[in-house]
**Q** 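Take a look at the following structure, please.
Note that ligands are numbered from 1 as they come in the structure, with each ligand's atoms numbered from 1 the same way. In this chain, numbering begins with 1 at the start of the sequence shown. Hydrogens, waters and symmetry mates are skipped; everything else that's a heavy atom, side chains included, is used. Since this is a predicted model, take the numbers as computed values, not measurements.
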Amino acid sequence: MKKIEEETKIYQKYDLDNALKKAYVVAIKNTEFKKLINTLKVKENIAINYTSKLENTVEELSNCAKCKSLFECKNKVTGFVNYPKFENDQLIFNYVACKYQKKELADLENIKTNFYEMPLEIRKAKMSDIDVNDSKRVKIIKWLTKFYETYQKDKKQKGLYLHGSFGSGKTYLLSALLNELSKLNNTVLIIYYPELLRSLKESFDNNNFGNRINEIKKADLLLLDDIGAETVTPWNRDEILGTILQYRMDNKLSTFFTSNLTIKELENHFMNNKTSGEQIKARRIIERIKHLTESEELISENRRG
Ligand code: ADP
Ligand code: MG
């Protein structure tokens, strides 16, 4: 019984070797495939075991040869080629960054912004990637460009209160500006405001709390993203937001906001009820925001897929 099993194994192995050889003979007729084998300096008896993976590499490299940007990448993992290294009589396949991906990674490394709960595309945002075809953005882009230039001469610049429709690119545009300024060694903080409040509430009792608030107060440039989407309490409005804004106002630190609400709507949002006490407190926050910023609106198509 055992003997038959062994024989079958030998037969199967023989069959497999043959099939591998056949596949390799076909593959090597392709000049690009041959080129790859030569570049790798891999012995034929080893390469033979990797024909289909090598063919995949050849296909990915040929995609790259025709490719003009990361957006049109056709490879399995965007921005990478599954490329082998010949080591210890084996081919070891790794995902190797293409030239566009390498540039993107280098750019990313230059961005020194600290982000709190922000998605990757916002972390990567840069001015040169801003799509300028949307006419509604032109005014905002001009504002950003001017800020970028004047800030380098004098840091005491008013920020922007950018409000408007959901998905119009408010967060992206401001992050692109601030990321550029972070490359010039300014301390930049971009914070998803509703989430910050949730986490501050939890960390209220520990040491981190004070450090966190200080960091937010003192950053050269601050973006409070999506203000107006939080649940307002007297504590987070007067103690947290009020304190941060007061400090930034007194020290003329550039501060930015994005919101789905106009300033007027934001004022109502800050009132928990219509008592005069609440009205005064809401008013006080709004005055600080107005003092810190200029206001622009961006109503545009929703870019979220
Ligand atoms: P908002 O803050 O106004 O709700 P976002 O800034 O989050 O909108 O933008 C919505 C989506 O569109 C995001 O995925 C963002 O990365 C993308 N986006 C916005 N503006 C641009 C741009 N100029 N170039 C490329 N992608 C953009
Ligand atoms: Mg946003």
**Q** Closest non-hydrogen protein atom to atom 23 (N) of ligand 1, residue and atom name please, with distance?
**A**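 Sorting protein heavy atoms by distance from atom 23 (N) of ligand 1 puts Arg137 NH1, 3.0 Å first.
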**Q** Would one find an N, O or S atom of Tyr172, in either backbone or side chain, under 2.8 Å from the Mg ion (ligand 2)?
**A** no
**Q** So for ligand 1, is Phe166 a polar contact partner (N or O within less than 3.5 Å, distance only)?
**A** no
**Q** Among Lys124, Arg303, Glu121, which one puts a heavy atom closest to atom 19 (C) of ligand 1?
**A**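 Nearest heavy atom to atom 19 (C) of ligand 1 lies in Arg303.
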**Q** Does a side-chain N-to-carboxylate-O contact under 4.0 Å join Lys126 and Glu180?
**A**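 Result for this pair is no, no salt bridge flagged.
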**Q** Would you mind reporting whether Leu54 and Leu36 have side-chain heavy atoms less than 4.5 Å apart?
**A**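 When only atoms from C-beta onward are counted, Leu54 and Leu36 do touch, with a gap below 4.5 Å.
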**Q** Number the atoms of ligand 1 from 1 as they appear, then name those within less than 4.0 Å of a heavy atom of Ser168, with their elements.
**A** 1 (P), 3 (O), 8 (O)
**Q** Under 4.0 Å from ligand 1, counting heavy atoms only, is it the side chain of Asp129, its backbone, both or neither?
**A**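 Near ligand 1, Asp129 shows its backbone, while the atoms from C-beta on stay back.
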**Q** Is Leu174 close to Phe257 at the side-chain level, that is, under 4.5 Å between some pair of heavy atoms?
**A** no
**Q** Answer yes or no: is there a side-chain heavy-atom contact under 4.5 Å between Lys170 and Ser259?
**A**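 With C-beta onward as the side chain, the pair stays apart.
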**Q** Less than 6.0 Å separating the ring centroids of Phe256 and Phe147?
**A** yes
**Q** Which ligand 1 atoms are under 4.0 Å away from a heavy-atom of Thr171?
**A** 2 (O), 6 (O)
**Q** Does Glu195 pair with Arg198 as a salt bridge, N-O distance under 4.0 Å?
**A**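 Salt bridge present between Glu195 and Arg198.
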**Q** Among all the protein's non-hydrogen atoms, which is closest to atom 4 (O) of ligand 1, and how far away is it?
**A** Arg304 NH2, 2.4 Å
**Q** Would you say Gly169 has any N or O atom under 3.5 Å from an N or O of ligand 1, going by distance alone?
**A**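 Yes; the residue has a nitrogen or oxygen that sits under 3.5 Å from a nitrogen or oxygen of the ligand.
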**Q** Write out the residue and atom name of the closest protein heavy atom to atom 15 (C) of ligand 1, then the distance separating them to 0.1 Å.
**A**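 Heavy-atom neighbour on the protein nearest atom 15 (C) of ligand 1: Tyr172 CD1, 3.9 Å.
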**Q** Strictly below 4.0 Å, N to O, side chains only: are Lys264 and Glu267 in salt-bridge contact?
**A**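 Salt bridge: yes.
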**Q** Applying a strict 4.0 Å limit to heavy atoms, is Thr258 in contact with ligand 1?
**A** no
**Q** Looking only at side chains, do Tyr192 and Thr171 share a donor and an acceptor under 3.5 Å apart?
**A** no
